Amino acid sequence: MKDRIFLASPHMSEEGYEKSYIKEAFDTNWIAPLGANVDGLEKEFCQLSGNRAATALSSGTAALHLALKLAGAKPEEKVFCQSLTFSATANAILYTGAEPVFIDSDYETWNMSPAALERAFQKYPDCRIVVPVHLYGIAANMTEIQRICKAHDAVLIEDAAESLGTLYGNKYTGTFGDYGVFSFNGNKIITTSGGGILAGNKADAEERIQKARFWSTQSREPVRHYEHKELGYNYRMSNICAGIGRGQLRVLEKRVNQKRQIFEFYRDAFSEIDDIEMMPVDFGGQRCNCWLSVMTLKPESIVKPLDIMLALEQENIESRLVWKPMHLQPFFADYDYIDNCGIAEDLFNRGVCLPSDTKMSREQQIEVIEIVRGMF
Ligand SMILES: Cc1ncc(COP(=O)(O)O)c(C=O)c1O
């Protein structure tokens, strides 16, 4: 069988930066959830992303959980959450005992609709926490979402798990809200094999992020014996994973450019096929990281997303449907949903995530394109 073409697989630096950071950890025996790589990753991440403070954690989901805890999410209170996302965004809300209210998307950004968010505040004026997502690397409408959050005095948590490297204006996504959450899962634009970062950019970010760091290490008080006054978690990133992260950070910009080239190549190749539209990128002065290249099929197309997935799978090529919205998930069926003409559901019904692996060769991408073209 020929080599599998992946949706997005780990891509270590050609220079071997990751190995040198890991070697240093081995040589100094810092095989622990603390050490020079953890500190280095946090510092270098802040320098690169423009955040004031950051803490390295075991996953993006852990980062979401601690962001919600910092925001003071409490049992039974409502949290506004983008519906079109991966389940981790909504799960983290339930970890705190709070209840998600799902918000529909808009076609301009595929992310949280500001109009639906306004309506959500009309229905639940006491809501204090809002969680938009920058899906597939496309920035949400932060200008409007920030304005609405400010007007309602709400804490803004950006789920930037998929958008590291995306610029909105001249700032990175994940620096606009009170907290930015990033994932280094194996399929993300850069990876630590598994891990995440919780970052903050507000005036008190240093102190807030330090509190999350404290919770992430079992809330151990700084005294000689084991003293605990608060509930703790084992959420810290290991010094080995952080070493991979430091190496990967050095090639982030290169990976963004590669991902963008992959996207542009698909866009040009499919430009004559009326039934295919590519996801919206680079509108309103943003630079999308193009983590995944996603296309939608026109409603009238006789070719459906599943047909494309199956045709690719036959040639050992991985693709994926767009996230199934949270308000349609059986597990989340009891939570409220603020509709904006069913846009999240429509994108789920018509979208396909194409192979966007930076290790994919041009020839392999042409093979993907030919298979898709051949269906029309
Ligand atoms: C939008 C979104 N939020 C949160 C997460 C959770 O990140 P992690 O897998 O690192 O826990 C992911 C990805 O995995 C994601 O795609």
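These values consider heavy atoms only, across backbone and side chains, with no hydrogens, waters or symmetry-generated copies. In this chain, numbering begins with 1 at the start of the sequence shown. Everything quoted here is computed from the prediction, not taken from an experiment.
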Item to check | Pairs involving residues 221-230, ordered by first then second residue, that meet salt bridge (Lys or Arg N to Asp or Glu O under 4.0 Å) (sequence neighbours left out) | outcome: K211-E230
Checklist entry - Does anything in residues 261-277 pair up under side chain to side chain donor-acceptor pair (under 3.5 Å), and if so which pairs, sequence neighbours excluded? => result D275-S301
Checklist entry - With N29, which residues qualify under side-chain hydrogen bond (donor to acceptor under 3.5 Å, both in side chains), at least two apart? => result none
Checklist outcome for this item: In short, side chain to side chain donor-acceptor pair (under 3.5 Å) pairs touching residues 143-153 with sequence neighbours left out are E118-R147, T143-Y168, E144-R147
Next on the checklist: Can you list everything that forms a salt bridge (charged side-chain N to carboxylate O under 4.0 Å, His left out) with E206? Sequence neighbours excluded, please.
Outcome noted: none
Item to check | Counterpart residues, side-chain hydrogen bond (donor to acceptor under 3.5 Å, both in side chains), relative to Q210 (two or more places apart) | outcome: R213
Next on the checklist: Going by side-chain hydrogen bond (donor to acceptor under 3.5 Å, both in side chains), name the residues that satisfy it together with Q329, two or more places apart in sequence or in a different chain.
Outcome noted: none
Next on the checklist: My understanding is that a hydrophobic cluster links ILVMFWY residues whose side chain heavy atoms are under 4.5 Å apart, including indirect links. Using that, what else belongs to the cluster containing L167?
Outcome noted: Y172
Checklist entry - With ILVMFWY side chains joined below 4.5 Å, transitively, what does W215's cluster contain besides itself? => result L57, L64, L66, L68, L70, V79, I93, I129, V131, V155, I157, Y179, V181, L198, I209, F214, L231, Y233, Y235
Checklist entry - Who pairs with Y17 by ring pair (Phe, Tyr, Trp, His ring centres under 6.0 Å), at least two apart in sequence or on another chain? => result none
Checklist entry - What pairs with R350 under salt bridge (charged side-chain N to carboxylate O under 4.0 Å, His left out), at least two apart in sequence or on another chain? => result D346
Item to check | Contacts of type side chain to side chain contact (heavy atoms under 4.5 Å, CB included), residue T166, not counting sequence neighbours | outcome: A139, S163, T173, Q286, N289
